[in-house]
There are 2 protein chains.
Amino acid sequence: MPPGKPKLQQRAAGETGRFMPSANNLNILNIQSDISGNTRDRLLAAARKVFSEHGFQGATVREICRHAEVNLAAVNYHFSGKEALFVAALSFEPLNALRNSVAHESGAKVRLQRFIEGFLTQLMNENGTPQCQLMMRELIEPTLALDNIVQEVIAPLHEFVSQLVRDVVGAKVTPGELRRCVFSIFGQCLFYRHSHAVIRRLHPNLHYDKKEISATAHHITEFTLAGLRQIAENP
Amino acid sequence: MPPGKPKLQQRAAGETGRFMPSANNLNILNIQSDISGNTRDRLLAAARKVFSEHGFQGATVREICRHAEVNLAAVNYHFSGKEALFVAALSFEPLNALRNSVAHESGAKVRLQRFIEGFLTQLMNENGTPQCQLMMRELIEPTLALDNIVQEVIAPLHEFVSQLVRDVVGAKVTPGELRRCVFSIFGQCLFYRHSHAVIRRLHPNLHYDKKEISATAHHITEFTLAGLRQIAENP
DNA sequence: TTGCGATTCAAACAAGCGTTTGATACACTT
DNA sequence: AAGTGTATCAAACGCTTGTTTGAATCGCAA
């Protein structure tokens with residue numbers, strides 16, 4: 001039993017578990033399990049996957065634990081519960097890294113192109129980080145840490161794109177028009193994630209591999225730049 | 001008890017319930033309840049409201065029945081269960097009506113403008129039909145009748161917008177570019193619904209009344225037309 | 001009035017949920 | 001070798017869910 005109130009563990013980074021549980025001791029048979037890391041890390045990885053697929057309400061801790069091959073009680077031992085696990089599974093690094101990597105490109109149009117392509121890649125990359133997809137899922141099902149997410153990631157991201165738009169259309173654009181331009185950019189990108197179930201049914205043979213993502217990013221960039229020029233010319 | 005297997009009632013349209021239940025007999029005190037119609041219709045109305053707010057998984061039949069002021073068992077009596085109630089609550093008429101009303105406008109740009117404004121209105125209108133919002137909710141949480149919805153509404157809608165795009169950019173556009181243009185249009189519109197929780201947090205003082213919806217529709221139209229012209233000129 | 005089918009009711013049911021429990025197994029210190 | 005704290009385990013708890021049940025109530029017809 002955990003001593004006192006063991007919730008919200010104070011663990012040093014990289015600390016390893018003490019033993020392998022009997023359900024996981026495939027290694028005594030020299031069988032390599034494809035599960036890596038300790039229980040806590042496996043839980044985080046499984047949580048990102050399951051939460052991003054089914055949403056917070058749709059995901060069950062039993063499925064997460066089954067996927068992580070850990071005991072059911074591990075969620076409440078290593079975290080405080082399902083909700084804390086969700087918050088811990090969130091990660092703002094990929095999107096912040098994208099913002100930073102694009103920021104010191106030269107030329108407004110290049111920065112816009114790079115941002116859209118990077119953003120689309122994070123949204124669509126199936127084998128990539130589900131952390132971004134997990135966050136996008138939260139945007140639609142606003143129950144938990146949305147206030148925090150907006151403050152930490154979304155607002156800086158919108159401000160960043162706002163600056164990109166200003167660099168293209170000039171600083172004399174009205175706040176309302178600026179906001180709508182930013183929304184048009186995000187809307188075009190997010191559509192591919194939010195509506196991907198519909199897209200799959202409309203075009204069953206269409207797969208968003210690296211090439212298709214690149215073509216899509218090129219389209220959105222050209223489409224957007226033309227729209228922005230239109231706004232700039234007719235204020 | 002219902003005779004045999006009473007599910008999937010065969011009811012004539014407009015048939016009324018036989019008596020007012022004791023929980024609802026406010027009329028003996030001459031108190032006018034704001035609930036109108038029979039049990040089945042009240043259930044449908046409440047289901048549209050609750051489902052569109054919380055999604056299929058998030059909504060509970062208890063909340064729906066409480067909202068409809070109806071006994072809990074009514075869902076399984078008048079329908080076969082929660083899932084059948086959801087399917088029955090879906091309504092394709094508003095979007096099909098929009099398509100038809102726009103179809104016989106003259107001029108491609110006018111049709112596009114009218115469609116975007118009408119679509120945005122159905123998406124955002126808070127006091128309006130929650131049927132469209134209920135359907136849009138289903139697009140993100142693809143569990144139930146999505147195949148049917150895509151076939152009945154989404155596919156015709158995309159085909160309709162595809163024709164609008166062809167009318168603007170010409171028929172020689174490639175299928176891939178055509179598809180991406182349609183996605184850009186829908187993406188810009190749907191953003192305001194899918195991300196409205198984020199928008200509310202980013203701009204707390206911004207409310208999408210009739211005037212703001214109109215301005216937004218105007219922006220999307222101009223933005224899109226410029227993008228389409230760009231596509232048409234650089235094939 | 002009596003009987004009957006349709007409808008509504010309160011109550012309970014079975015299943016699934018997140019969470020808790022107490023025992024057990026391990027690594028490490030003394 | 002014994003003790004201590006950490007981690008995992010199977011099992012159960014309390015609660016909510018969708019659904020079912022059998023009785024009660026209504027309009028209506030004989």
Side-chain angles (χ1 to χ4, degrees), chain A residues 1-12 15-25 27-28 35 37-43 47 50-51 54-66 68-86 143-144, chain B residues 1-12 15-25 27-28 35 37-43 47 50-51 54-66 68-86 143-144:
Chain A
M1 185 182 358
K5 246 209 170 314
K7 313 302 183 61
L8 284 176
Q9 293 299 100
Q10 62 289 1
R11 290 174 61 99
E15 188 178 352
T16 61
R18 300 307 172 92
F19 86 112
M20 269 302 185
S22 57
N24 277 348
N25 55 3
N27 35 7
I28 67 173
I35 307 278
N38 55 17
T39 299
R40 188 186 151 95
D41 292 339
R42 289 207 305 273
L43 264 179
V50 177
F51 276 135
H54 301 93
F56 180 77
Q57 288 185 113
T60 68
V61 296
R62 279 172 171 83
E63 183 181 356
I64 293 174
C65 290
R66 201 183 315 128
E69 298 189 28
V70 302
N71 187 269
L72 181 61
V75 167
N76 278 275
Y77 180 78
H78 287 279
F79 306 89
S80 312
K82 182 187 183 185
E83 185 165 327
L85 173 60
F86 181 88
T143 44
L144 276 169
Chain B
M1 183 182 0
K5 245 209 173 311
K7 313 302 182 60
L8 285 177
Q9 293 300 99
Q10 61 290 0
R11 289 176 61 100
E15 189 178 351
T16 61
R18 300 307 172 90
F19 85 112
M20 270 302 186
S22 57
N24 277 349
N25 56 0
N27 34 7
I28 66 172
I35 308 278
N38 54 18
T39 299
R40 189 186 149 95
D41 293 339
R42 289 207 305 273
L43 264 179
V50 178
F51 277 135
H54 301 92
F56 179 76
Q57 288 184 114
T60 67
V61 297
R62 279 173 172 82
E63 183 181 356
I64 293 174
C65 290
R66 201 183 316 126
E69 297 190 27
V70 150
N71 187 269
L72 181 61
V75 167
N76 278 276
Y77 180 78
H78 287 280
F79 306 89
S80 312
K82 183 188 183 184
E83 186 166 327
L85 173 61
F86 181 87
T143 44
L144 276 169

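Quick note on labels: first sequence line is chain A, next is B, and so on, each numbered from 1.
- Across the protein-nucleic acid pair, A:F79 atom CZ and C:dT20 atom P stand 15 Å apart, rounded to whole Å.
- For the pair A:L43 and A:C65, the minimum side-chain heavy-atom distance is below 4.5 Å.
- Protein atom CD of B:E63 is 15 Å distant from nucleotide atom C1' of D:dG18, rounded to whole Å.
- Ring geometry for B:F51 against B:F56 counts as parallel: the plane angle stays under 30°, on a 0 to 90° scale with 60° as the upper cut.
- Applying side-chain contact (heavy atoms from CB on, under 4.5 Å) to B:V75 and the options B:L85, B:V70, B:T39 leaves one that passes, B:L85.
- Atom pair A:L85:CG and C:dC17:P shows a separation of 16 Å (rounding to whole Å applied).
- When all heavy atoms of B:Q57 and B:K82 are compared, the closest pair comes out as O-NZ, 3.9 Å.
- Atom C1' of nucleotide C:dA25 and atom OH of A:Y77 are separated by 13 Å, given to the nearest angstrom.
- Atom CD1 in A:I64 sits roughly 14 Å away from atom C1' in C:dT19 (whole-Å rounding).
- What separates CG of B:N76 from C1' of D:dT17 is a distance of 12 Å, to the nearest Å.
- Applying the 4.0 Å criterion to OP1 and OP2 of D:dA7, one finds that A:T39 has every side-chain N and O outside that range.
- B:L43 has its CG atom 11 Å from the P atom of C:dC9, to the nearest Å.
- Between A:H78 and A:R40, the closest heavy-atom pair is O-NH1, 3.6 Å.
- For A:H78 and D:dT6, the shortest distance from a side-chain N or O to OP1 or OP2 is not below 4.0 Å.
- Closest of all the heavy-atom pairs between B:A59 and B:V50 is CB-CG1, 3.7 Å.
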With 3.5 Å as the limit, what N/O pairs link the protein to nucleotides 11-16 of chain C?
none

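- Note: CZ (B:R40) to P (C:dA6) measures 15 Å, nearest angstrom.
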